[in-house]
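Notes for the one structure printed next.
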Amino acid sequence: MKPLLQIESMTKLFGGVHALEEVSLDLHSGEVVGVIGHNGAGKSTLMKIVSGALRPDHGRIRIDGETVTLDSPIRAHQLGIEMIFQDLALLDNLNATENFFLGRELTRSFLGFRWNDAQRMQTIAKEAIHNINPHFHRFRTEVGLLSGGQRQSVAIARAVHLDTRVLIMDEPTAALGPEETEMVRQLVLRLKKRALGIFLIGHDLQDILRLSDRIVAMRGGRVVGTVEAARASEDDLLGMIISGKVPAAALPGPGAVTLDQEKD
Amino acid sequence: MLKWTRERPVLWILAVMLILGAILSFLSPFFLTVPNLTNLLKQVSILGLLAAGQTLVIISRGIDLSVASILALCAVVMGGLMSQMGLPPGVALPVGIALGGLVGAINGLVIVKTGIPPFIATLGMMGIARGLALVYTQGVSFQLSSPTLIWIGEGTFLGLPIPIYIVLLVYAVLYLLLNHNSFGRNVYAIGDNEEASLLAGINVDRHKILLYTISGVCAGIAAVVLISRLSSAPPNVAQAAELQAIAAVIIGGTSFSGGIGTVESTLIGAMIMTMITNGLNILGVSSFWQQVFVGVIIILAVWLDKLKGR
């Protein structure tokens, strides 16, 4: 089966320093791929490129085997790629409905002008957010005043719509309580069943192990290796992140292509 | 009550205005008279128009220091078109307003394309526009006499001066824009977090250019009211009026850190500024002291705003 998304030899330099060097990896539909690594390992840079927020210096992205140009977040949205940023997912001074429709407001014509269709937006946002979190009811409150879990519900509801094919979640359970973390976990599993491809970026290795199908470890802008979550332990992951040690059970494939045994 | 006014900031600022009105009418029997209130509405119009566009700019976490200079440039160009070239007001005034929009658009383009902070970009434009107004007129002011201008400057409709209708129209348009149009909602988003807005798919650059254009148009409209009231177009008019406009916006509760504010509160903020000057005039306080009072009021207003816990 052709992968939903293929990242091929992605390279990005910041002031002469390689933030990403020849990174390749792919994502199938209905698959959760965990991306782990230290801060500065390149996972955020990679995901920003996939979501259209950054342009690579070199490399290619294919969707269903077709090469695509991701030159803006808007283009990425059109292609069905949605990213939930940890800190930049929502605007604190707007309410849930306004956030849900930000940048893609529904309008209707009145006296020759386009006006926001507040009522229709409210109805649709309510349904979509309830679909994610049935207990959510504070639609008129600025999201800056909501709890972490409530905010995450709004952010996820915003990112998951009919056309979403690839979802990138940046630390989705950071700053959440146990119940809310569980809610997000259940949600990831449900989205997986809907055939979305999901990248899960995180530091909580237990969470990543539990939710992912495959796990890619990054270090110094490169992919260290890819493992099957079912056959890896937390120690395997730590070994990859910290010393670049690839466990025996590592998978071949795009993740491992760039793997050159570390010299240090 | 504090919570109640926090959810409706306009009520808070309205209460401040009414208390100030009560104090002034207690201090002087002339304050609450029809001629004085009419005068007050005329006085608030120019400041109100400058502050209207400024509100949108400040909500987006920008600032426009060039509004008073744009006003002066528009005023002399309108004046020149009428007195030197003999064009009718029906042509000269729209051209002047469009010029204001053009200068504002240049502000926006400079900010977006060069990345120069709005404070610096519009500070530069403040000098450029004022300088051009002086160059164009060689420092002298055009005398104007036109029935249209006299009607705008002196006329009334249903007992209220014409300029106040212009002000209300501009505020109504901006109110609808901010509250019922995607452009306006996105301005709040940009003011709160520009990067997040960009990632949400908002064309931030286009919004900014449009914002400064609107501010320039408001300055152009203010120029119409100004030359109508003065029956002349002096190039050195409205010096430092941009600071008063910014003060009116801040007194109205719009946050300098962006993302929060409404135009209706700004209108009341402009009323408060004007009432202070008007009241102190009636009470015979020297205009030197008035500046001191206005300064204190600005600091008090922002401090009270902080106390409300926002």
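In the text below, chain A, chain B and the rest are named by the order of the sequence lines, each starting its count at 1.
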Considering only heavy atoms and a distance below 4.5 Å, find which of A/D117, A/T107, A/I74 pairs most often with chain B.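 The answer is A/I74.
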Can you tell me if [X] has over 12 outside heavy atoms packed within less than 6.0 Å of its [atom1]?
| X | atom1 | value |
| --- | --- | --- |
| A/K192 | NZ | yes |
| B/R206 | CZ | no |
| A/F113 | CZ | no |

Against chain B, label A/R104 side chain, backbone, both or neither, depending on which of its atoms sit under 4.5 Å from a heavy atom there. neither
Does any N or O in the side chain of B/D192 come within less than 3.5 Å of the main-chain N or O of A/D92, such that one atom is a donor and the other an acceptor? yes
Say whether, by atom type as modelled, one donor and one acceptor occur between the side chain of A/N93 and the main chain of B/Y188 under 3.5 angstrom.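 Flag set: sc A/N93 to bb B/Y188 pair under 3.5 Å.
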Mind listing the closest non-hydrogen atom pair of [X] and [Y] along with its distance?
| X | Y | value |
| --- | --- | --- |
| A/L102 | B/A189 | CD1-CB, 3.8 Å |
| A/A53 | B/L199 | CB-CD2, 3.3 Å |
| A/R114 | B/N181 | O-ND2, 3.0 Å |
| B/S182 | A/N116 | N-OD1, 3.0 Å |

Within this structure, what is the [atom1]-[atom2] distance for the pair [X] and [Y], rounded to the nearest 0.5 Å?
| X | Y | atom1 | atom2 | answer |
| --- | --- | --- | --- | --- |
| B/H180 | A/R108 | NE2 | CZ | 9.5 Å |
| A/F101 | B/R185 | CZ | CZ | 14.5 Å |
| B/L177 | A/W115 | CG | CH2 | 7.0 Å |

Which region of B/L198, side chain (C-beta onward) or backbone (N, CA, C, O), has a non-hydrogen atom less than 4.5 Å from a non-hydrogen atom of chain A, or is it both or neither? backbone
